[in-house]
Protein chains: 2
Amino acid sequence: MADQARRRLARETVLAAAMELADREGLEALTMRSLADALGTKPMTLYHHVPGKEALLDGMVDIVFAEMEKPPVELEWRDAMRVRCRSAREVLARHPWSVPLLESRHHPGPELLAHHEAVLATLDRAGMPLPLVAHAYAVLDSFVYGFAMQEANLAVQRGQEDAELAGEIASAFDPAAYPMLTRFAMEHAMQPGFNFGDSFDYGLDLLLDGLARAAA
Amino acid sequence: MADQARRRLARETVLAAAMELADREGLEALTMRSLADALGTKPMTLYHHVPGKEALLDGMVDIVFAEMEKPPVELEWRDAMRVRCRSAREVLARHPWSVPLLESRHHPGPELLAHHEAVLATLDRAGMPLPLVAHAYAVLDSFVYGFAMQEANLAVQRGQEDAELAGEIASAFDPAAYPMLTRFAMEHAMQPGFNFGDSFDYGLDLLLDGLARAAA
DNA sequence: TAGCAAGTCGTACTTAGTACGAAACACTTC
DNA sequence: GAAGTGTTTCGTACTAAGTACGACTTGCTA
């Protein structure tokens, strides 16, 4: 019992350190050795708190789901879903490394299941028939995950040296060969006011509006 | 010149073999050694056709983009985008390993650029102002990528033994703790007619309809 | 036919995940 | 408190994978 609590705490310490490391230096910098270093211990010690690296990643993904706000029960379904989708996007942006992991983990953790449960319950409470619930869920999650994926990409880009980036793009990129791409970049994407993230709310409302119409 | 052509051919052989291997046995089974084996050669030989594993993956991703149908110029923009989005989804489903890679590659290849160029040109031809073009592109691609990501997940699941899967799910999954999830699975997702993929066209039309309204 | 460029590959180094087992430690039970 | 038992730590070492280095082979060109 006491050692249960101690072990749980240690496991959480390990997971927290792993997330911190991945946030700060990227997923490829997260190795059992670097994680041990970050915790001031040796690699093999970690294996007493986590069965292996795969389980470590599973645990990290479950924490990501835990950080996402569930749709608040007191709100009307559209507002509730807007809250949860925005929160999901924000969490995934905070942990960009997690986006590709969401796809490759085959061991759903309790937080992931609880999250799905809450979302399905919200759609059900809205009075949607099950087939529409399925569509709504698939469509909204696809959008959220896909958007997060693109944002994670941009985040990496922005992390590079600007000069390096410009050079790389210019070299890979013959303006004459890609006129529309060039025009789009020059006249819109590289203008001061542009923010890729603005498209999130736009798309989310598009989907919620469409679903609301279908639900009625 | 001749050797140029020969080298290009060899590079393409390597890439083709790599894609075949990844399709058949998954991305984690694709190592420089296994790829060399598949080609009947030795690991270090590959480095004369590809600068390294990163470049190999970059090349594979670019081939994935090459396989996607571009929006046909002769069609009205909605139909054109429907064709390209369906094709993209189909290609990504055929190469599930590529989905997480799309995010992590920072060296856009010519096929990727050409694809983006074609899509932007289609939206531009539809008369959309640039800000709407940006929204349309971001929103549609998020949906397509996110959907592909979820399908890739399902594909892996389906690859496992059914018994194993059922056992895993049942153990991770207390029906009483997740009533709505259980009901959803029993009454809908596990029914004979259910097909996750059906939500793709549903969501795609939702987005295209919304964008059409905005463009008018 | 001599010579050079292109391609092949044996060897070996590095980094990463992790099995094994001994030592250190903590906590119970007598 | 001493003995015993389970937990945690960690040194060592094995394996897999990416890849640098340099020798060898091959086939074309002058």
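Quick caveat: nothing in here was measured; it's all calculated off a predicted structure.
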Practice task
Using a cut-off of strictly less than 4.0 Å, decide whether His49(B) has a side-chain nitrogen or oxygen near OP1 or OP2 of dA6(C).
Solution key: no
Exercise for the section: Please check the phosphate of dC9(C) (OP1 and OP2 only) for any side-chain N or O of Thr45(B) closer than 4.0 Å. Expected result: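 For dC9(C), OP1/OP2 do have a side-chain N/O of Thr45(B) under 4.0 Å.
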Under 3.5 Å, which protein N or O atoms sit close to an N or O of nucleotides 23-26 of chain D? Give each pair with its distance.
none

Taking the side chain as every heavy atom from C-beta outward, state whether [X] and [Y] have any pair of such atoms under 4.5 Å apart.
| X | Y | result |
| --- | --- | --- |
| Arg183(A) | Asp124(B) | yes |
| Thr122(A) | Arg84(A) | no |
| Trp97(A) | Glu28(A) | no |

Practice task
Give the rounded distance in Å between these two atoms: NE2 of His48(A) and P of dA24(C).
Solution key: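 Rounded to the whole Å, the gap is 16 Å.
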Completion exercise
Atom NZ of Lys42(A) and atom P of dA24(C) are separated, to the nearest Å, by 15 Å
Practice task
Indicate yes or no: does Asp205(A) engage Arg82(A) in a salt bridge with an N to O separation below 4.0 Å.
Solution key: yes
Handout entry: Note: Arg86(B)-Glu90(B) ion pair, threshold 4.0 Å (strictly below)
Key =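 Judged by the 4.0 Å cut-off on N to carboxylate O distance, Arg86(B) and Glu90(B) do not form a salt bridge.
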Exercise for the section: Could you check Leu15(A), Val14(A), Leu56(A) and say which one makes a side-chain contact (heavy atoms from CB on, under 4.5 Å) with His49(A)? Expected result: Val14(A)
Practice task
Provide the closest heavy-atom pair for Ala17(A) versus Leu39(A) in the form atom of the first, atom of the second, distance.
Solution key: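 The answer is CB-CD2, 3.6 Å.
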Produce the list of close N/O pairs, under 3.5 Å, pairing protein atoms with atoms of nucleotides 15-19 of chain C; give distances to one decimal.
from    : atom 1 : to       : atom 2 : distance (Å)
dA16(C) : N7     : Arg33(A) : NH2    : 3.2
dG17(C) : OP1    : Lys53(A) : NZ     : 2.5
dG17(C) : OP2    : Met32(A) : N      : 2.7
dG17(C) : N7     : Arg33(A) : NH2    : 2.4
dG17(C) : O6     : Arg33(A) : NH2    : 2.7
dT18(C) : OP2    : Tyr47(A) : OH     : 2.8
dT18(C) : OP2    : Lys53(A) : N      : 2.9
dT18(C) : O5'    : Tyr47(A) : OH     : 3.3

Handout entry: ring pair (Phe, Tyr, Trp, His ring centres under 6.0 Å) between Phe200(B) and Phe143(B), intermediate numbers included
Key = CA-CA 9 Å; Phe200(B) 185 78; Phe143(B) 176 68; 5.4 Å; yes
